[in-house]
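A short write-up of the structure that comes next.
Every chain is numbered from 1 and lettered A, B, ... according to where its sequence line falls, protein lines coming before strand lines. What you see below is based on every heavy atom in this structure, not just the backbone, and it leaves out hydrogens, waters and symmetry mates. It should be emphasised that the depicted structure is a prediction, and the values quoted were computed from it without experimental measurement.
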Amino acid sequence: MNLFADIRTAVISALETMQAAGTLPNDLDFANVAVEPPRDAAHGDMATNAAMVLAKPTKMKPRDIADALVLQLTANPRIESADVAGPGFLNMRLSSALWQDVVGAALEQGEAFGRSDMGQGKKVNVEYVSANPTGPLHVGHTRGAVFGDALASLLDYAGYNVTREYYINDGGAQVDVLARSVYLRYLEAHGQEVAFEDGTYPGDYLVPVGVELKEKVGDAYVGKPESDWLLDVREFSTEKMMDLVRADLASLGIKMDVFYSEKSLYGTGRIEAAINALKDKGLIYEGVLEPPKGKKPEDWEPREQTLFKSTEHGDDVDRPVMKSDGAWTYFAPDIAYHYDKVMRGFDELIDVFGADHGGYVKRMKAAVSALSDGKVPLDIKLTQLVKLYKNGEPFKMSKRAGTFVTLRDVVDQVGPGATRFHMLTRKNDASLDFDFDKVLEQSKDNPVFYVQYANARVNSVLRKAKAAGIDLSATPDLTQISHAAEITLAKKIAEWPRLVSIAARTNEPHRIAFYLYDLASEFHALWNRGNDLPELRFIQDGEDATSVSKIALARATQVVICAGLGILGVEPVEEMR
RNA sequence: GCACCCAUAGCUCAGCUGGAUAGAGCGCUGCCCUCCGAAGGCAGAGGUCGAUGGUUCGAAUCCAUCUGGGUGCACCA
């Protein structure tokens, strides 16, 4: 139930009535007509810009349209009053029964209140994390993981058919490095002294993998040339690393639907098929790229390679898909992978990358645009850096020394819920400060706490009510939710379905987090007004029927908080401790 | 050199396909517990929305140029 959408429909039908009456011309596009909450509540409950956006195409004065529209709208019983303000704004006041109905709808529909069919069941693929399978996930991955997962949930809630996917980069040179590193740990497990040179991964997390390899193959690979063991060790190590990654993701409550292996693209003709698809469109050619400007020219040698004419689809330069020695570049399997997504019939694709992959966006979009003939949109969301703080002091991580902060470090210290919520309190394209102390702080400075606290207060009310012998299964009389302070909260609840649509349309789950904070704020405000005005308390001593009605508002708030937290992947807490 | 992202209150940040007097938290000032959890709430002070042009009924939002910060840029994945 989206009250804003309902009223918009009413406005549109009023406009159509005006067309039928000849007040307005017939060929009008109402797409830009919006119904939204006014910035200032004093202006009313909802405002529409209809008169202003239609002024130009009709060559009429906005006020004239507005005046005529007012007549139509006031005929609608749900609209208590409508008046024109400013340049042609139309402010509407809705009967309080509508807001009471919202509370009823939230209670009745529960988690589904706010769900919509906006996605129309369209198949959307959200690819996120996709970290190289060479070690545990670190903080940077954590943000991408949380963001991608919340976005996937959000789209699901908005009526899309969502697939969560992880692309395993197990086809490139970095997995050879992994294999060699594991081999060293394997030798170590056999009691040998080993040295980790540049170009190997020195992290401790490979020690158990070396031991496991020893358990599996004994001393079969000791003293053997690389050609004897590389393939096998690579396979073995990648699997172990993916076990690690899966466990890391699970600690945040993330479960992928599909793990897609880059390796599976090689030697199966899939890369060739994708490149051929581009070739058929005349987008593949042999050529030599210009030297990149601003780089040392002495390092540059012109070479002829196989290029993808990505400039035809919005890129700045054409991109190589095959090296001069005939091997594929990394871009080639990525093209094939996205081709596969298109072939699997997804209507929309979303990739979540770290900000360091920003230079990759245009070519990937170009590839998808070319492969799908522009039919499948690809949205690429970049998550910016996470800066870590402890006691207000930034601390650095050094990959070289192997002292990077892992996803596990974060989750173990602050828990999955706080980690997830906090990572979503910033829009994805702004960098994020993550302060271990602040995230755990129990004050309104900490949005996670503040929202959870509101939920806990609702539970507290429910407990008290139960203790007082109030039968909460009784049908609430919603007309008792009538005080202005109560209606204010109900209005906030009414915004939820609309907020979901906006967040889903823009692929911005952080809006959910900010909304929840606002909602909690309204709830806390009402709660405290009960200090001065006893009639605003949820529990009215000796008047069970009234209590049931007031508590309905608290429960509706809780329904929305829990639905929102559900999208963010945060477990609501029953009680603060 | 080029591309992308960012710039809003002293600080950290929201701002809904362009809308009315630009919002919140922290910090600062002052208030509110015989009362469902004060881990809260209320009120006040605080802004040339980086700059300059443009588009229009209307711009923090769109376009152009510029300034400052971040990221990335050739057979590395």
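Closest to the side chain of Trp527(A), out of G15(B), C36(B), U12(B), is C36(B). The side chain of Ala525(A) lies closest to G41(B), out of G41(B), A14(B), A38(B). Candidate nucleotides G40(B), A3(B), C36(B) were compared by shortest atom distance to the side chain of Lys464(A), and C36(B) ranks first.
At most 12 non-hydrogen atoms from other residues, nucleotides or ligands lie less than 6.0 angstrom from CD of Glu197(A). Within a 6.0 Å sphere centred on NZ of Lys438(A), other residues, nucleotides and ligands contribute 12 heavy atoms or fewer.
What separates CG of Leu499(A) from P of G15(B) is a distance of 11 Å, to the nearest Å. Taking atom CG of residue Asp176(A) and atom P of nucleotide C76(B), one finds them 13 Å apart after rounding to whole Å. Atom CG in Asn455(A) sits about 16 Å away from atom C1' in G40(B), given to the nearest Å.
Across all strands shown, Pro320(A) has heavy atoms under 4.0 Å from sugar-phosphate atoms exclusively, and none from any base.
Residue order along RNA chain B, read from the 5' end via each residue's closest nucleotide, puts Arg426(A) first among Arg426(A) and Arg319(A). When each of Phe514(A) and Lys323(A) is assigned the nucleotide of RNA chain B bearing its nearest heavy atom, the one mapping closer to the 5' terminus is Phe514(A).
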Do Lys381(A) and Asp351(A) pass the salt bridge (Lys or Arg N to Asp or Glu O under 4.0 Å) test, and can you show the C-alpha distance, the side-chain angles, and the key distance before you say yes or no?
-> CA-CA 6 Å; Lys381(A) 306 298 271 189; Asp351(A) 289 353; over 6 Å; no
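Side-chain N/O atoms of His510(A) include one lying less than 4.0 angstrom from OP1 or OP2 on G15(B). Between A14(B) and Lys427(A), a contact under 4.0 Å exists linking OP1 or OP2 to a side-chain N or O. Within the structure, every side-chain polar atom (N or O) of Arg529(A) is placed at least 4.0 Å from both OP1 and OP2 of C36(B).
Contact of Arg498(A) with C16(B) (side chain to base): a donor-acceptor pair of N or O atoms is detected under 3.5 Å. Between the base of G40(B) and the side chain of Asn528(A) there is a donor-acceptor pair shorter than 3.5 Å.
The CG atom of Asn455(A) lies 5.5 Å from the CD1 atom of Ile561(A); values are rounded to the nearest 0.5 Å. To the nearest 0.5 angstrom, Tyr285(A) atom OH is 9.5 Å from Gln305(A) atom CD.
Across all strands shown, G18(B) forms no Watson-Crick or G-U wobble pair with both key distances under 3.5 Å. With a cut-off of 3.5 Å on both Watson-Crick or G-U wobble distances, the partner of A77(B) is given as none.
By the 30° and 60° cut-offs, the orientation of the rings of His141(A) relative to His138(A) is tilted. Using bins of under 30°, 30° to 60° and over 60° for the plane-to-plane angle, the ring pair Phe523(A)/Phe538(A) lands in the parallel bin.
When the options Tyr453(A), Tyr517(A), Phe449(A) are evaluated for a ring-ring contact (aromatic ring centres under 6.0 Å, His included) with His524(A), the one that passes is Tyr453(A).
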Strictly under 3.5 Å: I want the nitrogen or oxygen pairs between protein and nucleotides 33-35 of chain B, one per line.
| residue | atom | partner | partner atom | Å |
| --- | --- | --- | --- | --- |
| C35(B) | O2' | Arg537(A) | NH1 | 3.1 |
| C35(B) | O2 | Asn531(A) | O | 2.7 |
| C35(B) | O2 | Arg537(A) | NH2 | 2.9 |

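With a glycosidic angle more than 90° from 0, C42(B) adopts the anti conformation.
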How does protein contact run along nucleotides 19-30 of chain B, one letter per nucleotide 5' to 3', with B for base contact, S for sugar-phosphate only, - for none, heavy atoms under 4.0 Å?
-> BB-S-SSS----
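Checked against the 6.0 Å centroid criterion, the rings of Tyr260(A) and Tyr337(A) qualify as a close aromatic pair. Aromatic rings of Phe147(A) and Tyr128(A) (six-membered ring for Trp) have centroids beyond the 6.0 Å cut-off, not under it.
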